[in-house]
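To start, the structure under review is shown below, and the notes come after it.
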Amino acid sequence: MRAALFLFLFAFVVFGISSKTFASETTREFTVGDVTVWAIADSLGERDMSVFIGLDPEVQKQYAPDGKSPSAIMAFLVKTKGETILIDAGMNGLFPNGLSEVAVAEGLRGAEDVTKILITHMHGDHIVGLARDGKRAFPNALVLASKQERDFWLDEKSVELFPNRKAGFDSARQIMGIYGSDAKTFEYGDVVVKGEDFELKAIDARGHTPGHTVFMLSSGGERLLFWADLSHAASLQFPRPDINATYDMNPDEAAKTRLHFMELAAAEKLTIAGAHLPFPGVGTVEKAPVGYIYKSR
Ligand SMILES: [Zn+2]
């Protein structure tokens, strides 16, 4: 009950969510080569500019004149010939029965069809949806996170560095605990999942958290980069990748990493899929006179 209240307050504080801001569309289908990707909104809302560190009022006026930037909590489902893979699990935000309800709506039998869940990092808005009523929400899935991320969140000493995040550490430990030996780790650079029609590779994106990971999906000559939390407000941080949110646990490293991936995405004309890009969370990045610009699909 306390956890539910905490999550509600978290969603409210982070997004300032009110019922009138919900859009009716919450899922969208894309193809990447031979596989299908579902973008699933776990929450829709707007990012309040108060979460950005040292934001100059003039800069805010330029990129978010009303003090808000469209955002979301997105998760992504990758459907291949042999696997059904979730990229992050949301926080049971929009759907009374969590993302498994969406899975049913999109023609899967249900949460039991999900074979693997790749976790970009262990903040609550990415892992709370792994559990329902203290049990596994995805009974047959392996849960995979980077070794750095798991070691950090499960080490009891880490909370001393971030004492105001104690609830997050407790929650990560509990959720990983219920997956037991089905919660596994990978190293940066590993091809984490591979099938005859696709592969998913883990790439070092440290900064937002100590083990933050982005994933490159390759299939049939096409690529999609799961962008995770490299940005929290597209209208502000693409032109100004130097600006961090209070959620960025190592702000200097987060800004360097953000800039690196914006350069890469623009140079290689990558399609990106981000956890907090506005719905459907999928788009491209272009170089702009100042910084970059995000173009939503
Ligand atoms: Zn997040």
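This one's a predicted model, so the numbers in the text were calculated from it and none came from an experiment. Whatever order the structure lists ligands and atoms in, that order sets their numbers, starting from 1. Quick note: numbers below take in every heavy atom, side chains included, and nothing from hydrogens, waters or symmetry partners.
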Lys NZ or Arg CZ of Lys201 over Phe215 ring: under 6.0 Å, within 45°: no
Val78 side chain reached by Glu83 side chain, heavy atoms, under 4.5 Å: no
Shortest non-hydrogen separation from Val159 to Lys166 and the atoms involved: CG2-CA, 3.8 Å
Check: Tyr247 ring centroid to His232 ring centroid under 6.0 Å: yes
Backbone N/O of Val192 and side chain of Asp190: donor-acceptor pair under 3.5 Å: no
Phe30-Phe76 aromatic ring centre distance below 6.0 Å: no
Atoms named by residue and atom, protein N, O or S, within reach of the Zn ion (ligand 1) (under 2.8 Å): Asp125 OD2, His126 NE2, Asp229 OD2, His276 NE2
